[in-house]
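To keep things clear, I will list the structure first and then write my remarks on it.
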Amino acid sequence: MSEQRVVLITGAGSGIGRASALRFAREGWRVVAIGRRREKVEETAAAIAADAQARAAGGGCQTAALDVAEAGAMAALADSVVEARGRLDALVANAGIAYARHAALETSDEDWDETLRINLTGVHRSCTAVLPHMVAAGAGAIVTIASIAGQVGMAQRGSYGTSKAGVIGYTRNLAVDYAPHGVRANAGRPGFIVTAIHRHPLPAPGEPGPAEPGAQPPPGLGEPEDAAAAIWFLCSDDSRWITGVDLSVDGGYTAW
Ligand SMILES: NC(=O)c1ccc[n+]([C@@H]2O[C@H](COP(=O)([O-])OP(=O)(O)OC[C@H]3O[C@@H](n4cnc5c(N)ncnc54)[C@H](O)[C@@H]3O)[C@@H](O)[C@H]2O)c1
């Protein structure tokens, strides 16, 4: 078995997932960067290969193009990673979509089904792919990515907010069921972070100004690295006594 720790990160071709991939590589981990579009995860791998800090730490990256919600896809990948590397230390179940902004009455069946399929079923399939290996090893850390929209009511998040509330509940149940097996499960709950998931224009990082009218208190919008830092902490040994939490990474949005 290799000494190097291994993390699977879904949705690693952009935004929070890409920033997390770079963070783990800079900590010396082997990253499996997973996304739907091969060219985007290859870009992430190239960014890691070109990063002096990641190289100095011995971090590395391999890629996989798949749909996290497709039955069996994540399980086959997790099996192949364990066969090749002999270990699987962490999962960051980050892939998600926010295609539409609708209240319940305006939410189409297609939007509802696809949002729950990717944001909730995709998380479940990612977790059940890694769990057998973590249980066998008696150790592992899972971080799912929820949202402030899963904690507080927000305008026009009928399907999205529902999926993210589901992720929080799902993660708590994982924590309870798998703590006896040495596996921790926590949810990250980002607020407004400047990534491609937002279809409306956001202010530039660091600039004051709400993502939506009245939405974001000081210190303003977050950057993908802010979420990656929390994700890293929840996978690292520094959080070894933390499981079953959903950690706000929202610049105070839910505190106001
Ligand atoms: N940016 C924010 O303000 C914010 C706030 C709260 C929660 N989040 C959550 O953070 C996560 C990452 O989003 P982001 O902001 O980095 O946006 P993003 O759009 O840059 O990243 C999402 C990634 O997931 C990938 N993806 C989508 N469906 C997939 C599937 N079926 N299989 C594999 N990959 C898939 C996309 O290709 C993309 O690379 C999402 O779960 C999102 O809901 C983001």
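Both ligands and their constituent atoms are indexed starting at 1 by order of listing. We number each residue from 1, following the sequence as shown. Excluded from the calculations below are hydrogen atoms, water molecules and symmetry mates; all remaining heavy atoms, backbone and side chain alike, are included. Please read these numbers as outputs of a predicted model, since none were measured by experiment.
- Counting protein heavy atoms only, atom 7 (C) of ligand 1 is closest to A146 O, 3.1 Å.
- Nearest protein heavy-atom neighbour of atom 43 (O) of ligand 1: Y160 OH, 2.6 Å.
- Salt-bridge check for R36 with D67: failed, with every basic side-chain N at 4.0 Å or more from each acidic carboxylate O.
- When only interatomic distances are considered, the shortest N/O to N/O separation between S147 and ligand 1 does not fall below 3.5 Å.
- For the pairing with R101, the side chain to side chain contact (heavy atoms under 4.5 Å, CB included) check across M154, E106, Q156 returns one residue only, Q156.
- Looking at atom 6 (C) of ligand 1, its nearest protein heavy atom turns out to be P190 O, 3.2 Å.
- For atom 36 (C) of ligand 1, the choice among R36, E223, R125 with the nearest heavy atom turns out to be R36.
- The shortest separation from a heavy atom of K164 to ligand 1 is under 4.0 Å, placing the residue in contact.
- For the ligand labelled ligand 1, residue K40 lies outside the 4.0 Å heavy-atom shell.
- Of the candidates V245, I168, V249, R189 forms a side chain to side chain contact (heavy atoms under 4.5 Å, CB included) with just one, namely I168.
- Given atom 5 (C) of ligand 1, the protein heavy atom at minimum distance is G191 O, 3.0 Å.
- Nearest to atom 17 (O) of ligand 1 by heavy atom, out of I197, L221, I118, is I197.
- Contact check on R240 versus D238 returns no salt bridge, with no Lys/Arg side-chain nitrogen under 4.0 Å from an Asp/Glu carboxylate oxygen.
- Closest of all the heavy-atom pairs between E70 and R117 is N-NH1, 4.3 Å.
- Judged purely by distance below 3.5 Å, without hydrogens or angles, the side chains of T115 and N119 never pair a donor atom with an acceptor atom.
- Atoms of ligand 1 found under 4.0 Å from any heavy atom of I97, numbered from 1 in the order shown, are 27 (C), 28 (N).
- Among protein heavy atoms, the minimum distance from atom 25 (C) of ligand 1 is reached at G11 CA, 3.7 Å.
- At a threshold of 4.5 Å between side-chain heavy atoms, the hydrophobic network of Ile, Leu, Val, Met, Phe, Trp and Tyr places L131 and V92 in two separate groups.
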Worksheet item: Please walk me through it: do D250 and T254 pass side chain to side chain donor-acceptor pair (under 3.5 Å)?
Response: CA-CA 7 Å; D250 66 359; T254 47; 2.5 Å; yes
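- In terms of protein heavy-atom proximity, atom 37 (O) of ligand 1 is closest to R37 NH2, 3.8 Å.
- Regarding atom 9 (C) of ligand 1, its nearest protein heavy-atom neighbour is I145 CG2, 3.7 Å.
- The shortest N or O to N or O distance between A12 and ligand 1 is not under 3.5 Å.
- Residue A69 has no N or O atom closer than 3.5 Å to an N or O atom of ligand 1.
- Heavy atoms of R189 found under 4.0 angstrom from ligand 1: none, in either backbone or side chain.
- At least one side-chain heavy atom of E114 sits under 4.5 Å from a side-chain heavy atom of I118.
- Here the heavy atom of the protein found nearest to atom 35 (C) of ligand 1 is A95 CB, 3.6 Å.
- Of the candidates V130, T128, T10, T10 is the only one forming a side chain to side chain contact (heavy atoms under 4.5 Å, CB included) with M74.
- Residue nearest to atom 20 (O) of ligand 1, selected from G13, G122, A64, S14: S14 (by heavy-atom distance).
- Atoms of ligand 1 lying under 4.0 Å from any heavy atom of F192, numbered from 1 in the order shown and given with element: 3 (O).
- Among the atoms of R117, none of the N or O lies under 3.5 angstrom from an N or O of ligand 1.
- Within the 3.5 Å criterion, the main-chain N or O of E223 finds a donor-acceptor partner in the side chain of D226.
- Heavy-atom contacts of N94 reach the following atoms of ligand 1: 10 (O), 11 (C), 12 (C), 40 (C), 41 (O) (cutoff under 4.0 Å).
- Scanning all heavy atoms of the two residues, the minimum distance from I148 to F192 falls at CD1-CE1, 4.1 Å.
- At a cut-off of 3.5 Å, with distance as the only test, a side-chain donor of S239 or R184 sits close to an acceptor on the other residue.
- If you run side chain to side chain contact (heavy atoms under 4.5 Å, CB included) between V31 and each of V7, T44, T63, only V7 comes through.
- For a threshold of 3.5 Å applied to N or O pairs, the pair formed by I16 and ligand 1 contains at least one separation below that value.
- Contact analysis puts L66 in contact with ligand 1, with a non-hydrogen atom separation below 4.0 angstrom.
- E27 has no carboxylate O lying under 4.0 Å from a charged side-chain N of R5, or vice versa, which leaves the two without a salt bridge.
- Taking every heavy atom of D67 and a limit of under 4.0 angstrom, the matching atoms of ligand 1 come to 30 (C), 31 (N), 32 (N).
- Residue contact annotation: A149 has no non-hydrogen atom under 4.0 Å from ligand 1.
- When the heavy atoms of G96, A227, G15 are ranked by distance to atom 22 (C) of ligand 1, first place goes to G96.
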